[in-house]
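A quick write-up on the structure given underneath.
Letters go in sequence order (proteins before strands), and every chain restarts at 1. All values reported here derive from a predicted model rather than from experimental measurement.
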Protein chains: 2
Amino acid sequence: MNNTRFATAIHIMTLLAKSPDEWLSSDWIAGSININPVMVRKEIGILREAGLVESRKGKDGGCQLSRSAQAIFLSEIFSAVKTAELLGRKNQQPNPKCNIGKDINQRLNSLFNETDHIVSQFLGMKSLADFSAQFT
Amino acid sequence: MNNTRFATAIHIMTLLAKSPDEWLSSDWIAGSININPVMVRKEIGILREAGLVESRKGKDGGCQLSRSAQAIFLSEIFSAVKTAELLGRKNQQPNPKCNIGKDINQRLNSLFNETDHIVSQFLGMKSLADFSAQFT
DNA sequence: ACAAATGTAATAAATTATGTTACATTTATA
DNA sequence: TATAAATGTAACATAATTTATTACATTTGT
């Protein structure tokens, strides 16, 4: 997760939360984040698959929240864009002839999963409405 | 943090914890993790700067814990190798003319810092002794 | 018919992460 | 004191990931 995907996703979602009745275009959103519109559309695609937004094609198309910002939690946004464990990757082939190497990845798995779970719980306490209420 | 540094560091520290009276060589450690010895020495350098290990040069040189595994916490290992925030990076130049873009990074900072703190607390509950006790 | 938008594939560029080579230096000991 | 075996580290190379860009088929309102 050494990327900007969560930051981008939460930025998008905040913009949508602030304009609940409008269909925002990827170009407009990209202008706020200052990244490429295609990147925005890709991320919106992920958020749509996760059921968090819906989008409309064609002229006057754009993107909207699929439900109230009060009913969306940061954990859901995170979960949608999360691709790796927070504590990082494991080494691929630790030595099976070593007592540590043999089991290390299984133990790291537990530790890494517990960590992800804790963070998820934390983010689950914050709604998108809470987060976006911080902005004017 | 989309790298193997924490996994590598904790592997090194577990090996050292399991042989508290020996000076393990980077070659031997590298053989257990199955990575390059130079990578091991680099990571040991970081752990040494953090005061977690000490090393000895020359023939019969190697590396040892600088104190008991009971007095070393996973949070310290994590903190030593951590270079970025867990939730990822922020976009570099969000639009200052946008009410969201103007403040987003400050808000993300809070959220990201809180998250790091929670994880750090969690890892602070686990000693290296606890972790390495899981291995035979 | 046209304009303006999405969706997506393909490719390029930039940044990070990992691996490797080389070698100066340190230290035990034959 | 010469040798062997280790660390520390710089410099460079390779691999992998992340971000940006181009192109275009398709959708939809007017």
A/Asn2 side chain near D/dT18 phosphate (N/O to OP1/OP2, under 4.0 Å): no
Applying a strict under-4.5 Å side-chain criterion to I, L, V, M, F, W and Y, I'd like to know whether B/Ile12 and B/Trp28 cluster together. yes
Rounded to whole angstroms, how far apart are CE on A/Met39 and P on C/dA13? 16 Å
For a quick check, with a 4.0 angstrom heavy-atom cut-off, what is the B/S/- contact string for nucleotides 7-14 of chain D, read 5' to 3'? BBBBB---
Between B/Arg89 and A/Asn91, which is nearer to the 5' end of DNA chain C once each is assigned its nearest nucleotide? B/Arg89
Nearest whole angstrom, please: distance from the C1' of D/dT30 to the CG of A/Asp60. 9 Å
Looking only at heavy atoms, what is the nearest atom pair of B/Ile44 and B/Cys63, with distance? CG2-SG, 3.8 Å
Within 6.0 angstrom of B/Gln93 CD, more than 12 heavy atoms from elsewhere: no
Between CZ of A/Phe6 and P of D/dT19 the distance, given in whole Å, is 15 Å
Same apolar cluster: A/Phe6 and A/Ile46, side chain cutoff 4.5 Å: no
Look at all strands and tell whether B/Asn36 reaches a base, only sugar-phosphate, or nothing, counting heavy atoms closer than 4.0 Å. base
Among residues at least two apart in sequence or on other chains, which ones pass ring-ring contact (aromatic ring centres under 6.0 Å, His included) with B/Phe131? B/Phe135
Between NE2 of B/His11 and P of C/dT18 the distance, given in whole Å, is 15 Å
Taking the side chain of A/Thr4 as its heavy atoms from C-beta onward, which of D/dT28, C/dG19, D/dT19 lies nearest to it? D/dT19
Length of the line joining A/Arg5:CZ and D/dA20:P, which is rounded to integer Å: 13 Å
Donor-acceptor pair, B/Thr8 side chain versus B/Thr4 backbone, under 3.5 Å? yes
Flag yes if B/Phe73 and B/Ile77 sit in one hydrophobic cluster, no otherwise; membership is Ile, Leu, Val, Met, Phe, Trp, Tyr, and two members link when side-chain heavy atoms are under 4.5 Å apart. no
Separation of A/Lys90 atom NZ from C/dT18 atom C1', in whole Å? 18 Å
How long is the line joining CD of B/Glu54 and P of C/dT27, in whole Å? 14 Å
Taking atom P of D/dA6 as reference, at what distance in whole Å does atom NZ of B/Lys59 sit? 8 Å
